Amino acid sequence: MNKKPRSLIRIIIPVVLTLVTIALIVWPMLAGGQYVVLDPKGPIGASQRDLIVISTILCAVIIVPVLILSAVIVWRYRDKPDNKAAYEPNWSHSTKAEAIWWTVPIIIIGLLAIVTVRYTYDLEPSKPLAHEKAPITIQVSSLDWKWLFMYPEQGIATVNTLNIPADRPVKFELTADSPMNSFWIPQLGGQIYTMSGMAMTLYLQADHEGKYWGSGANFTGEHFGEMRFDVNATSDEDFDKWVAEVKQSSQELTTEGYNALAEPGTSNVAYYSAFPEGLFQNIVTKYVVNGQSAHSKHGTSSEASGAIQNATDTSNQDEDKSAN
Amino acid sequence: MLEGLKEFASEFFVTGDPLIYGAMVAIGITMITIVAVLTYFKKWGWLWRNWLTTVDHKKIGIMYIIASIIMLFRGGVDALMMRLQLAMPNNEFLNPEHYNQVFTTHGTIMILFMAMPFMFGLFNVIVPLQIGARDVAFPFLNSLSFWLFFLGAMLFNLSFVIGGSPDAGWLSYPPLSELSHSPGVGQNFYIWGIQISGIGSLATGINFLVTIIKMRAPGMRWMKLPMFTWSVFSTCIIILFAFPILTVTLALLFLDRFAGAHFFTLDLGGNPMMYINLIWMWGHPEVYIVVLPAFGVFSEIVSTFSRKKLFGYKSMVFAMLIISFLSFFTWAHHFFTMGSGADVNAFFAVTTMLIAIPTGVKIFNWLFTMYRGRIRMATPMMWTLAFIPCFIVGGMTGVLLSVAPADFQFHNSYFLIAHFHQVLIGGVVFGYFAGLYYWWPKMFGFQLEEKLGKWAFWTWNIGFYVCFMPQYAVGLMGMTRRLSTYGWDTGWWELNFVSTIGAFLMGVGFLFQVAQIADGIRKYKSLKAPADPWDGRTLEWSIPSPAPEYNFAVTPRGDDIDEWWEEKERRAKGIYPPEQPLEPIHMPKNSGIPFIMSVFWFIAGFGFVFGWLWMAILGLAGVGICMIARSFSYDTDYYIPVDEIKRTEASLRGSV
């Protein structure tokens, strides 16, 4: 009596498991989701995708055989009266075997370490991208709970929307006037923290024109989930046209306007035809005590060293008076 | 007067949410029921004498495990609420503020009030038995550790009906956790709940370190130690170095909030990054603290249920110790994206991936323990077998995360969430379940029927994959952690919906386990366990189930790694150990001080939470008085006479 349902369960379970696995692989493709991380649209994102693929393959080299081996061992040595496989209860040491499985992971991890270290230096976020065109600088500040983008060369600013020229490196300078957030445009490249009291540098580039999206990736309280923004990568001409349009049709961001914007709360997309001189530096140095920032020496590559200094250079020189 | 009272009540109690009103009513009813039942059956004295004041490591272990399972329920309900909220886009089941509280308490409870006590429960029940000891090194301190944990956990849990829960994430990064951004009392509950229970954790670490160093059976040299005990030893080393960091970090945060200090504030020279470094210097080793004992459990189970010696004992020990050492060199991988530069990132990337080497070796050793063995599919072994593929995959995604530039894309995304749940559920939770099933007969003296247990096993496992595999995918689609809601335009909802189904399957698995235990308790008389139900290998299986209060009538020897297995082999050949005369056994007396002192800690903590200094001082004074009282108690031990040992042994062994 008891025998039948038992064997039925034994068939049902693997079938269900297989179906679930297949469904999980196929479902997202049908569902119209987009694997943005694996579908990069710029050189940084592409290198990171390559690195993800390389490291996955290196790991798979070891885990796939181990998974198969586990299944085989469990099946072969299960406790069945008619199991004829060898049984050696006291076999518990083999120098040769152990040497093999200490060595194999060491080699794999060694290879992975070499790859990782190389890519870590290559993809250091503050390292400028090689390109015939000079990079455009955009200053990013995360506020509670919106993104403020300032274009020092163009003199305009936007909130929760970002326009960049395609096929040209973008130098992001980032800080926060609120808890630490993280600036992430998956299709262009990985994220970096925005932190108060310091300026970070992140180079990204969009190869093609198009609309990508970015978000704040680090929890900063109640409405952090609404810190999403569109990234419009356009041709140089369209970008210039857009700048001219913003200059013409938008209001200026005043100091009072900024202070109101920095108050906790969400915001719609907004455009400003101008912003206060040195605003970014003022945000960075807002919490500086006696002219000394805890992070004044932050960043290691020569480009990033003294990130605040760097940020200072890019706009006019009349900054910092208030801080000193 | 009445108005004042009303105003106080509306601030003191959390109001406005029907879910919370429901919880308040449920808490009230449960408390009244407990009090009524205890009074009706006249069990108050029994509760006090047998449980609240006990210094018996086995009973303390059982209390730890019960508390932990209750916390698993609470943390699990939090998880299901989050999954319900995320099942559909633009859902309004939980508002963002409430959602933030739920994920903060979920994380805090699962790590600190579920995993830690479950682990300490297994330590307590098993370590003294495995090393042939009568008790832990400091039984009084052991009881104090438990009550500190328990009342700390209660203080933390109180927050959701009184005062409001913390909502700055389970590691409470400043400035979110500072007064400027969290002016309510929630963060104070977080600080004091963890602080009080953390003192207990540190004490337990020291206690077991000393127990293992000093109280091993004669003949049990270091390289003869059972593997679970080795795992406890390496865990305690990490606890010893990691928990003081947590204590100091939380103390500094408290000073910021309470005394207007500026250690971690944005202004006046404070530095939030300092907190983030400190908290992860504790937080990452903490991960290894909870997973190493699970490795110990698996080692015991694989060997027992394959009826074979553990393969590569020395490798296993070395691997464990090297993991506990390396665990202190990985913390910065939690903020690869803070722009610390390529040198720092490369260093921490490599030290992080190095841990995969000893971990991989352990997997091979477990596999080759099974190789040429005879594998019995009892519940503990099934959990162990389920752990292997789960942990291999989870470990691999961990290695992927450790590749610093790739982590720029994984960081803070659901890929990360899926990874750490896979290692923590697949490694820690499966491990502790396996341990609980394995040692259940030794703890309670009866065996659980396996049918419901197998249902639980399959629903848990299928539920796990259905829940977390889609989260890897949705992470690669750009979904970030701690989002309380998302739009239709993201394309994330199908995967989230599947994930929610999986979460509920795991919930069903938990219910099967509860049913299994309830069923076992109902029939425990007919399920009586023999001393050695699994044909075990280590010393705990040589004594009756449940173990008598003095554990071993005569002190055993520990000359071999699998001493009890070897002893059985010798007996089969007709070689019996010489009969040893019984001697009176020296035992510690029960004490109410640990419980009372912890209650005073609770009172002090509650006072600090609300900034009521009079109450805090009252509590701390009580703590001081308890310490003085303890220092004057000279009558702290007694001897169990030989006659009584004979009677106990006869009744325990006779009934088997």
Side-chain angles (χ1 to χ4, degrees), chain A residues 20 24 27-28 31-38 48 51-52 55 59 63 66-67 70 73-74 77-79 86-92 98 101-102 105-106 109 112-113 116-117 119-121 123-124 179 182 186 190-193 196 200 215 217-219 221-223 225 287 289 294 299-300, chain B residues 96-97 169 175-176 266-267 269 271 307-309 311-312 315 337-339 341-343 345-346 349-350 353 356-357 360-361 364 367 370-376 385 388-389 392 396 399-400 403-406 408-409 411-412 466 469-470 473 476-478 480 482-485 491-492 494-495:
Chain A
V20 166
L24 284 175
W27 191 309
Q34 194 196 359
Y35 289 111
V36 282
V37 169
L38 304 177
Q48 283 165 341
L51 182 58
I52 290 171
S55 48
C59 290
I63 76 157
V66 174
L67 286 173
S70 341
I73 287 180
V74 172
Y77 296 99
R78 72 202 188 285
D79 190 23
Y87 174 50
E88 290 179 52
N90 291 322
W91 185 69
S92 67
E98 292 204 50
W101 60 68
W102 275 100
I106 288 175
I109 294 295
L112 191 61
T116 303
V117 171
Y119 271 88
T120 306
Y121 283 92
L123 292 177
E124 166 55 32
S182 192
Q191 60 194 288
I192 196 154
Y193 280 145
S196 59
M200 310 281 285
S215 67
N218 195 58
F219 178 64
E222 199 168 348
H223 293 291
Y287 301 107
V289 180
T300 52
Chain B
E97 193 193 354
L176 263 189
L266 287 175
D267 50 355
N271 190 344
R307 285 210 182 85
K308 193 162 161 282
K309 264 191 189 157
F311 195 88
S315 269
T337 63
M338 71 161 176
D343 296 339
N345 280 3
V350 173
M353 51 183 72
I357 298 169
V361 166
F364 279 116
L367 286 179
M370 291 188 262
Y371 179 76
R372 295 189 182 165
R374 277 293 172 271
I375 304 168
R376 283 173 293 162
L385 292 178
I388 290 178
I392 290 176
M396 179 191 113
V399 172
L400 295 184
V403 178
F408 296 166
Q409 289 281 22
H411 195 72
N412 277 333
V466 176
M469 295 303 116
L476 294 175
M477 291 181 180
T480 50
R482 293 168 173 175
L483 274 183
S484 60
T485 189
W492 299 337
E494 290 89 348
L495 285 165

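So that the names make sense, note that chain A is the first sequence line, chain B the second, and so on, each numbered from 1. Note that the coordinates shown come from a computational prediction; the quantities given were computed from them, not determined experimentally.
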Is it the side chain or the backbone of B:Val350 that comes within 4.5 Å of chain A heavy atoms, both, or neither?
side chain
Out of B:Arg376, B:Met370, B:Met396, B:His411, return the one with the most heavy atom pairs under 4.5 angstrom to chain A.
B:His411
Region of A:Ser55 that comes under 4.5 Å of a non-hydrogen atom in chain B:
both
Measure the CD1-CG distance between B:Ile375 and A:Asp79 for me, rounded to the nearest 0.5 Å.
9.0 Å
If I measure from the heavy atoms of chain B, does A:Ser215 come under 4.5 Å with its side chain, its backbone, both, or neither?
side chain
Correct closest heavy-atom pair for B:Leu483 and A:Gly225 would be CD2-CA, 3.3 Å
A:Glu98 portion near chain B, given a 4.5 angstrom heavy-atom threshold
side chain
To the nearest 0.5 Å, atom CD1 of B:Ile392 lies from atom CD1 of A:Ile63 at 7.0 Å
Using a 4.5 angstrom heavy-atom cutoff, name the option from B:Gly169, B:Ala356, B:Gly373 with the most pairs to chain A.
B:Gly373
Show your working on side chain to side chain contact (heavy atoms under 4.5 Å, CB included) between A:Val66 and B:Phe364 and close with a plain yes or no.
CA-CA 8 Å; A:Val66 174; B:Phe364 279 116; 3.7 Å; yes
If you look at every heavy atom in A:Trp91 and B:Lys308, which pair is closest and at what distance?
O-NZ, 3.1 Å
Is the side chain of A:Gln191 donor-acceptor paired with the backbone N or O of B:Phe408 at a distance under 3.5 Å, no angle test?
yes
Any donor-acceptor pair under 3.5 Å linking the side chain of A:Gln34 with the backbone of B:Gly491?
no
Using modelled atom types only, decide if a donor and an acceptor are shared between the side chain of A:Glu88 and the backbone of B:Arg372 within a distance under 3.5 Å.
no
Side chain to side chain contact (heavy atoms under 4.5 Å, CB included), that's the test. Do B:Arg374 and A:Tyr87 meet it? Break it down for me.
CA-CA 7 Å; B:Arg374 277 293 172 271; A:Tyr87 174 50; 3.9 Å; yes
